[in-house]
Chemist: 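Here's a structure for you.
Position 1 is the first residue of the sequence; numbering continues from there. When a ligand or atom number is given, it counts from 1 through the structure's own listing order.
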Amino acid sequence: MINVTKTSMPPMEEYIKEIAELWDSCWISNMGMKHSELEKKLEEHLNAPRVSLFANGHFALEAALRAFELEGEVITTPFTFASTTHAIVRSGLKPVFCDIREDNYTIDADKIEALITPDTTAIVPVHVYGNICEVEKIEALARKYNLKVIYDAAHAFGEKLNGRGVAGFGDASMFSFHATKVFNTVEGGAVAYSDSSLDGRMKCLKDFGISFGGKDILECAGNGKMSEFHAAMGLCNLRHIDEYITARQSVAKRYIDNLSAVKGIKIWQEQEGVEHNYSYFPVLFEGSRDEVCERLLKEGICARKYFYPLTNDLKCYDFDSAKTPIAKHISDHILCLPLYPDLSFDDVDRICRIISE
Ligand SMILES: *Cc1c(COP(=O)(O)O)cnc(C)c1O
């Protein structure tokens with residue numbers, strides 16, 4: 001069975017060496033040595049002024065929304081994983097869905113302004129598939145209307161636009177380090193941000209609202225701490241991240257070489273000026289995506305319909321996906337092909353042959 005992704009594992013000996021110290025210290029959670037080491041290494045790697053680790057990306061996104069004390073309406077995209085919309089709703093905010101661009105599937109910045117009301121307090125765009133949003137247009141709108149911008153950068157780990165790390169855009173960015181992502185800590189995530197006055201708040205929000213120093217409980221918050229074992233996995237994987245991304249790049253290139261001339265499909269394209277991480281390989285079908293998906297599955301290949309259904313079509317909500325017709329169309333016709341560092345060229349060629357047929 002070929003899955004859409006496969007978790008990147010560091011050499012086992014390396015991990016064992018990394019965690020051996022934890023037996024000496026007996027300090028295995030609550031922001032220990034590995035935790036602070038990983039935060040520091042990620043600040044360097046992501047070129048981010050500050051990185052705060054969390055137990056997972058979803059919790060990190062909720063913490064980011066809460067840190068800015070937002071109220072009212074948040075403009076966002078429905079073409080994403082459920083987590084983005086859930087985080088907004090669970091934070092007591094109202095998501096207002098903006099349609100997406102046909103070329104790279106990110107939020108269409110030209111359609112945001114018409115959705116802004118006196119109740120709008122933030123924009124939550126997603127660098128979907130690692131395609132980077134129109135960050136300059138979004139920043140201009142945020143400045144004009146005094147809105148916060150919190151990026152869901154779960155797919156954009158380590159990416160750069162014109163030499164600048166994605167973590168530097170907006171007021172904050174959330175990264176996911178889930179096992180299925182380009183960089184993993186098994187489960188985990190982080191918020192990258194620049195405002196140093198939020199340092200205490202970030203810590204408080206992941207640790208039951210306990211103040212810096214532990215004297216007071218300042219707010220009602222949950223437990224979103226990353227353990228030392230997870231941080232250790234992150235330290236190991238971070239040493240190998242360049243290998244992972246280079247290997248992913250050659251798989252993506254193989255897909256591009258094989259599929260460029262195939263009629264009736266639109267394949268993923270590099271964006272100009274972007275250093276990509278090759279996290280996903282989406283293909284848009286003119287005809288029936290479902291038929292291709294089933295055929296691949298019969299051959300033991302599990303492609304995935306990311307992102308279907310749209311989050312404004314989820315059963316748990318009562319939103320109207322007719323208001324985002326482009327997102328609706330893309331969601332009904334897109335398929336993400338398997339992509340991971342050691343996917344063999346033979347397998348890529350086989351997947352491409354089936355698609356061509
Ligand atoms: C994976 C993902 C998340 C959630 O991250 P977890 O670490 O799994 O909690 C949020 N948004 C997007 C777009 C994702 O792909």
Side-chain angles (χ1 to χ4, degrees), residues 3-8 38 42 46 51-66 74 76-91 93 95 97-98 100 104-107 122-133 149-159 166-167 169-170 172-192 205-206 222-227 229-231 233-234 237 248 268 276-282 304-314 327 330-331 334 336 339-340:
N3 273 314
V4 72
T5 189
K6 185 172 150 194
T7 300
S8 292
L38 184 59
L42 286 173
L46 297 172
V51 166
S52 188
L53 292 174
F54 286 86
N56 54 68
H58 180 85
F59 201 104
L61 185 56
E62 288 196 10
L65 294 170
R66 212 165 142 182
V74 170
T76 188
T77 167
F79 191 70
T80 180
F81 183 46
S83 169
T84 320
T85 301
H86 285 353
I88 294 167
V89 174
R90 285 168 50 85
S91 303
L93 301 161
F97 295 100
C98 181
I100 61 172
N104 64 21
Y105 319 129
T106 61
I107 194 166
I123 307 172
V124 177
V126 180
H127 300 303
V128 67
Y129 305 132
N131 293 338
I132 296 181
C133 298
V149 179
I150 296 160
Y151 283 102
D152 179 332
H155 299 175
F157 184 82
E159 292 194 332
V166 277
F169 300 120
S173 294
M174 174 277 275
F175 293 92
S176 164
F177 308 147
H178 184 254
T180 54
K181 303 299 206 284
V182 168
F183 166 75
N184 86 81
T185 61
V186 187
E187 290 271 2
V191 179
L205 284 167
K206 75 176 86 168
N223 177 4
K225 302 190 297 291
M226 178 186 281
S227 86
F229 286 86
H230 293 82
M233 188 69 164
N237 271 325
R248 284 176 167 276
W268 178 81
H276 283 287
N277 65 10
Y278 306 93
S279 44
Y280 297 88
F281 199 88
R304 292 293 296 270
K305 299 173 193 177
Y306 295 145
F307 286 93
Y308 171 88
L310 293 175
T311 68
N312 54 3
D313 254 344
L314 297 179
I330 304 293
S331 172
I334 206 148
C336 280
L339 174 51
Y340 46 86

Chemist: Need the ligand 1 atom indices (1-based, order shown) with element for anything under 4.0 Å from a heavy-atom of Met174.
Modeler: 10 (C), 11 (N)
Chemist: Hey, does Thr80 come in under 3.5 Å of ligand 1, counting only N/O atoms on both sides?
Modeler: no
Chemist: Who's the nearest protein heavy-atom neighbour of atom 5 (O) of ligand 1, and how far?
Modeler: Ser176 OG, 3.2 Å
Chemist: Apply the test side-chain hydrogen bond (donor to acceptor under 3.5 Å, both in side chains) to residues His155 and Ser279: give CA-CA distance (whole Å), side-chain angles for both, the deciding distance (0.1 Å), then the verdict.
Modeler: CA-CA 7 Å; His155 299 175; Ser279 44; 5.5 Å; no
Chemist: Between Val74, Thr77, Thr80, which is the residue that forms a side-chain contact (heavy atoms from CB on, under 4.5 Å) with Val124?
Modeler: Val74
Chemist: Can you give me the closest heavy-atom contact between Leu61 and Thr84, atom names plus distance?
Modeler: CD2-CA, 3.9 Å
Chemist: Would you mind checking which non-hydrogen protein atom is closest to atom 15 (O) of ligand 1, with the distance to 0.1 Å?
Modeler: His155 NE2, 2.8 Å
Chemist: Could you please spell out the steps behind the side chain to side chain contact (heavy atoms under 4.5 Å, CB included) verdict for Tyr129 and Ile334?
Modeler: CA-CA 12 Å; Tyr129 305 132; Ile334 206 148; 3.6 Å; yes
Chemist: Using a 4.0 Å heavy-atom cut-off, say whether Glu187 meets ligand 1 through its side chain, its backbone, both or neither.
Modeler: neither
Chemist: So Phe157 and Phe177, would you call those rings parallel, tilted or perpendicular, with 30° and 60° as cut-offs?
Modeler: perpendicular
Chemist: May I ask which of Lys181, His178, His127 has a heavy atom nearer to atom 2 (C) of ligand 1 than the others do?
Modeler: Lys181
Chemist: Just jot down the ligand 1 atoms closer than 4.0 angstrom to any heavy atom of Gly188, in number order.
Modeler: 7 (O)
Chemist: Do me a favour and list the nearest non-hydrogen protein atom to atom 10 (C) of ligand 1 with residue, atom name and distance?
Modeler: Ser83 OG, 3.3 Å
Chemist: How far is atom 9 (O) of ligand 1 from its nearest protein heavy atom, and which residue and atom is that?
Modeler: His58 N, 2.8 Å
Chemist: Taking all non-hydrogen atoms of both residues, which atom of Ser331 and which atom of Leu310 are closest, and how far apart?
Modeler: CB-CD2, 3.6 Å
Chemist: State whether the side chain of Asn3 and the backbone N or O of Thr5 hold a donor-acceptor pair below 3.5 Å, judged by distance alone.
Modeler: no
Chemist: Do Gly57 and ligand 1 have an N or O pair less than 3.5 Å apart?
Modeler: yes
Chemist: Pairs of nitrogen or oxygen atoms closer than 3.5 Å, one from Asp152 and one from ligand 1: do any exist?
Modeler: yes
Chemist: So for atom CZ, which belongs to Phe229, do other residues, nucleotides or ligands contribute more than 12 heavy atoms lying within a distance under 6.0 Å?
Modeler: yes
Chemist: Kindly confirm or rule out an N or O of Tyr280 lying under 3.5 angstrom from an N or O of ligand 1.
Modeler: no
